[in-house]
2 protein chains.
Amino acid sequence: MEQRDWYGIRQVAQLTGLSTQLIRKWEERYGAVAPRRMENGYRVYNAKDVMRLKQLQKLISEGFSIRNAVLYLDENKFEAEIVTDRSPDNLQENTSLYTTKQTQISQFMDMLFAFGERGDSSGIQDLLQKVYSQYGLEFLSENLLIPFLHEVGERWEMRVWDEFQEHISSLAVRDFLIRQYSSFLAPQDAPLFLAACIPGERHEIMLHIAMLEAAIRGFKTAFLGISPAPNALEDAVESLRPKIVVLAMTTSAPIDENPMLFSDLEQLASRYRQTHFYIGGRGARMHFKGTGKWLRFSDSLDSLFRDIEHR
Amino acid sequence: MEQRDWYGIRQVAQLTGLSTQLIRKWEERYGAVAPRRMENGYRVYNAKDVMRLKQLQKLISEGFSIRNAVLYLDENKFEAEIVTDRSPDNLQENTSLYTTKQTQISQFMDMLFAFGERGDSSGIQDLLQKVYSQYGLEFLSENLLIPFLHEVGERWEMRVWDEFQEHISSLAVRDFLIRQYSSFLAPQDAPLFLAACIPGERHEIMLHIAMLEAAIRGFKTAFLGISPAPNALEDAVESLRPKIVVLAMTTSAPIDENPMLFSDLEQLASRYRQTHFYIGGRGARMHFKGTGKWLRFSDSLDSLFRDIEHR
DNA sequence: ATTATGATGTCAAATGTATGTATAAACTAA
DNA sequence: TTAGTTTATACATACATTTGACATCATAAT
């Protein structure tokens, strides 16, 4: 999920904006987090711990005391694990101890498709919530979200599913993601992550996944939305001065409509060198051959951040 | 109302606008509420307590004394849910309260526009959250959301705002609404409320407001999304058998593209008589003259539900 | 008209709790 | 050494609770 899967207390402090002492006190007094320890006793945090701290900050900003915020999160965690038995009727849940991770994934997928088939948006969202809080975003995203969205699209194109099934399923995923990333509190001076669909593009969901990842990493996020006019992107960059701009291009349509698209963007990127411009998606992978100097291709935030570090 | 069912006195004060001292005094003197206590003696309120305090405020604003308001609520414990416009003994015209509310609204609006101006999505969402929990959806929707969205559109058309400011502001409102209504858990067998944009229509936000209202009223909600193909709506109705279908049509574009639109929909509606079909929005108000037999015009869920009852 | 009474919101003091920060002493790593 | 981590303790500020006082105002009694 992150560049690294563990953090020292100092890094956690920097990522959350909390002091190291406070992080320890929250652990001691309220059980806010439960980091593992190295042999020497040093605390070792994982990405989930960092997320939890950020969620606590968000709750505090909404009027919770830290004590109650922890209670609240723990309560919801409990609820999230009970939800398991809301499986559709035509599937009986197999809670055998011998289920491997693979079979569990395919069980989740089956449930998702069953929910989507009957247009049960909240069923989808509850399941995603459960998997998310149990296994984290990386697992959820790679093993469930992306394959699910992909096959939902397939089923629609193959006429296996009606359009409404595709729409409701996609929107359920979108709504889930929106709920997640708006539960993080980013510090005022955090760098900005701007996500936008390329003119002519209408698939926004991958961007929401990226935004959730960015929010977890401590960015403020802004979403420019579907198909903004060409100059809207420039206006936004000019005003917001984001650290990163990510553009989605899942189909070939945009390049058909405007063959100059990439060079236009490259030129825009060259004018704002404080901002890193990336383009991603299937459409971009197919057509964006020349790795531009200022506009680059990236399919995952992981590779994106690696790229930034090596610039 | 919310998923969570306990609040500290601080949050209750924030939610109701009462001071913590007053909340305690009301409890001590009149038994206004009876919160449980934590081990340390701190008060723990539940959603009912908060509701009750809000009802008391409403009664006081209508002229009741606090003492009588409590007595009134206790006497009418079972019908007290609807305490709307009951005339009190000594009704005094309190214009001061009204004007302060007016200035408060315009203050909120100013803040919203300030946030929107700098593309601060989470600023918008936090403010909406505050107003929502303090004054409820009706107030928020009528006095802030709809005027705000309206003027955001204006500013964009008048070139006062750039497109990105319009997009980010609208999306912030959308995300806020999505977060709200997905926090409602409707029972499995609740009637379904299906919202969809008419083919050619791309404004989805009003539908999200409607969905939130429906969720509050206990409906399961489903959102079919932007511009579904003509048959997608029929497929969805056929499969999901919603109790209510609401269609949004804010512009005139759809009727220009397909002059038969209304009669097509009327025909669809006539085939599913268990389902109530409504169409709303500025575009519909302008063009939908003949009040159809099965497809009807409605601009608010209030009027919609009144209409259903009188059918 | 003046006074007494009661209702109500606000304030203050005394006491305990919650929470963020600071320091000391021991230990670890580079 | 020097900087960072650990535990433990101390402390200040903010917050919660109880109790009672007080000012204001409307209403009833004088």
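Excluded from the calculations below are hydrogen atoms, water molecules and symmetry mates; all remaining heavy atoms, backbone and side chain alike, are included. Proteins get letters first, then strands, A, B, ... in listed order; numbering begins at 1 in each.
For Ser298(A), the side-chain hydrogen bond (donor to acceptor under 3.5 Å, both in side chains) criterion is met by Ser303(A), not counting sequence neighbours. Here Phe223(A) pairs with His208(A) under the ring pair (Phe, Tyr, Trp, His ring centres under 6.0 Å) rule; sequence neighbours left out. Checked against ring pair (Phe, Tyr, Trp, His ring centres under 6.0 Å), Phe219(A) has the following partners two or more places apart in sequence or in another chain: Phe305(A).
Atom CG of residue Leu127(B) and atom CG of residue Leu140(B) lie 9.0 Å apart, to the nearest 0.5 angstrom. Between Met38(B) atom CE and Arg67(A) atom CZ the span is 6.0 Å, to the nearest 0.5 Å. Separation of atoms CE (Met211(A)) and CE (Met206(A)) is listed at 15.5 Å; rounding is to 0.5 Å. Residue Leu56(B) holds its CG atom at 5.0 Å from CG of Leu73(B), rounded to the nearest 0.5 Å.
Dense packing is recorded around CZ of Arg217(B), with more than 12 heavy atoms of other residues, nucleotides or ligands lying under 6.0 Å away.
Taking a heavy-atom distance under 4.0 Å as the criterion, the stretch of DNA chain C touched by chain A extends 5' to 3' from dA18(C) to dA29(C).
Under the 3.5 Å distance criterion, the side-chain polar atoms of Lys243(A) are left unmatched by any main-chain donor or acceptor of Gln274(A).
Atom CZ in Arg29(A) sits roughly 13 Å away from atom P in dT9(D) (whole-Å rounding). Protein atom CZ of Arg67(A) is 13 Å distant from nucleotide atom P of dA16(D), rounded to whole Å.
The stretch residues 33-42 of chain A comes close to DNA chain D through Arg37(A), Gly41(A), Tyr42(A), each having a heavy atom under 4.0 Å from the strand. Using a 4.0 Å cut-off on heavy atoms, the residues of residues 19-28 of chain B that approach DNA chain C are Gln21(B), Leu22(B), Lys25(B), Trp26(B), listed by number.
Between Phe64(A) and Tyr72(A), the ring planes are tilted. Angles from 30° to 60° get that label.
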